[in-house]
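Side-chain atoms are counted along with the backbone in the values below, which use heavy atoms only and exclude waters and symmetry mates. It should be emphasised that the depicted structure is a prediction, and the values quoted were computed from it without experimental measurement. Both counts, for ligands and for their atoms, begin at 1 and track the order of listing.
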Amino acid sequence: MRRLDTRTIVVASHNEGKIAEIADLIGPFGFSAKSARELNFIEPEETGTTFEDNAAIKALASAKASGLPALSDDSGLVIDALDGAPGVYTANWAERADGSRDFVMAMNKVEKALQDKAALTPEARTARFVSVLCLAWPDGHTEFFRGEIEGVIAPEPRGTSGFGYDPIFAPEGHDRTFGEMTAQEKHGWKPGEPQALSHRARAFKLFVETCLAA
Ligand code: IMP
């Protein structure tokens, strides 16, 4: 495992929701970080078939373009009744013909697919959010950190916090969806704490424990 010995990195993302969460998570560690979006880097095409593949594509593109270590996140919603869909194609389900993203449409698509499978009870609507973080260096070295959180798909969207599919995902042990939680509740983690809640915070905790540990 290669340690990260600089605190100047690129956050290899163009997704405002993810950039905000990663900024929150790295905040306490004194990072100076710019996002690929702020740096006007071209968004690479996600041609992989796994979260790991796509996370590596994004992190390596930013590390090579900047000459700095870069941290990416590839994530998605894996729904059991839909045989794991939308999975690595979670962002695609929100894509409109003009290239813009519409998550109300995407959440309706999920609901329609679940109804087509007669998946109406919480037991039939189990799912997990997955986040794979990739830390890539300009020399091509990569490290991966995977976080998952089990939950259920709510019968209708609830709450306006967060981003993407947050309003339809209620994490295990909670009645509220991520869309009804503050960012701090969704992370469920602070440096030094043993537990984290969201998939991204769980992956980030692994990154801290392995690449940043003294
Ligand atoms: P990608 O990693 O850029 O391929 O996109 C991941 C997709 O999953 C995006 O459409 C996000 O909206 C969705 N997603 C990932 N993490 C979360 C989350 O924490 N909350 C809600 N949606 C998420």
Side-chain angles (χ1 to χ4, degrees), residues 11-25 35-37 41-62 70-79 82 84-96 99-111 113 127-136 144-154 157-172 174 176-189 196-205:
V11 174
S13 181
H14 287 75
N15 176 319
E16 288 296 353
K18 280 187 196 177
I19 293 169
E21 288 196 359
I22 294 171
D24 243 22
L25 291 164
S35 72
R37 186 187 177 109
F41 289 168
I42 293 166
E43 196 170 1
E45 219 183 307
E46 297 183 24
T47 52
T49 54
T50 65
F51 293 113
E52 281 77 6
D53 287 347
N54 286 333
I57 288 170
K58 290 184 272 194
L60 285 166
S62 279
L71 184 67
S72 70
D73 162 293
D74 199 68
S75 42
L77 187 56
V78 174
I79 303 176
L82 306 182
V88 289
Y89 305 107
T90 302
N92 305 32
W93 279 36
E95 235 153 66
R96 287 201 166 280
S100 64
R101 292 204 172 135
D102 179 344
F103 286 96
V104 172
M105 177 190 81
M107 290 187 284
N108 282 335
K109 229 186 251 185
V110 166
E111 186 53 36
R128 67 205 53 76
F129 258 129
V130 177
S131 161
V132 172
L133 298 179
C134 176
L135 180 63
F144 296 91
F145 315 93
R146 189 183 182 101
E148 300 191 4
I149 172 71
E150 300 288 327
V152 297
I153 303 298
R158 296 198 311 262
T160 52
S161 308
F163 67 102
Y165 297 75
D166 276 340
I168 56 166
F169 185 83
E172 61 185 352
H174 296 260
R176 286 175 306 144
T177 65
F178 274 159
E180 295 174 294
M181 296 184 181
T182 63
Q184 192 51 56
E185 280 177 296
K186 178 180 169 185
H187 302 321
W189 180 75
L197 182 64
S198 78
H199 49 312
R200 190 161 295 104
R202 287 179 176 184
F204 190 79
K205 180 171 172 286

Visitor: Please name all residues satisfying side-chain hydrogen bond (donor to acceptor under 3.5 Å, both in side chains) with Thr49, sequence neighbours left out, ordered by chain then number.
Guide: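 Residues passing side-chain hydrogen bond (donor to acceptor under 3.5 Å, both in side chains) with Thr49: none at all.
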Visitor: Could you list the residues that satisfy salt bridge (charged side-chain N to carboxylate O under 4.0 Å, His left out) with Asp73, not counting sequence neighbours?
Guide: Lys18, Arg200
Visitor: Is the side chain of Lys205 donor-acceptor paired with the backbone N or O of Ala196 at a distance under 3.5 Å, no angle test?
Guide: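 Flag not set: sc Lys205 to bb Ala196 has no pair under 3.5 Å.
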Visitor: Checking Asp166 side chain against Phe178 main chain: does a donor-acceptor pair fall under 3.5 Å?
Guide: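 No, the answer is negative, given that no donor and acceptor are paired below the 3.5 Å cut-off.
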Visitor: Using heavy atoms and a cut-off under 4.0 Å, could you grab the residues that are in contact with ligand 1, chain by chain, numbers ascending?
Guide: Lys18, Glu46, Lys58, Asp73, Asp74, Ser75, Gly76, Thr90, Ala91, Phe103, Phe129, Phe163, Gly164, Tyr165, Asp166, Lys186, His199, Arg200
Visitor: So does Leu77 get a backbone contact from the side chain of Thr90, meaning a donor-acceptor N/O pair under 3.5 Å?
Guide: yes
Visitor: Using the salt bridge (charged side-chain N to carboxylate O under 4.0 Å, His left out) criterion, which residues pair with Glu172? Sequence neighbours excluded.
Guide: none
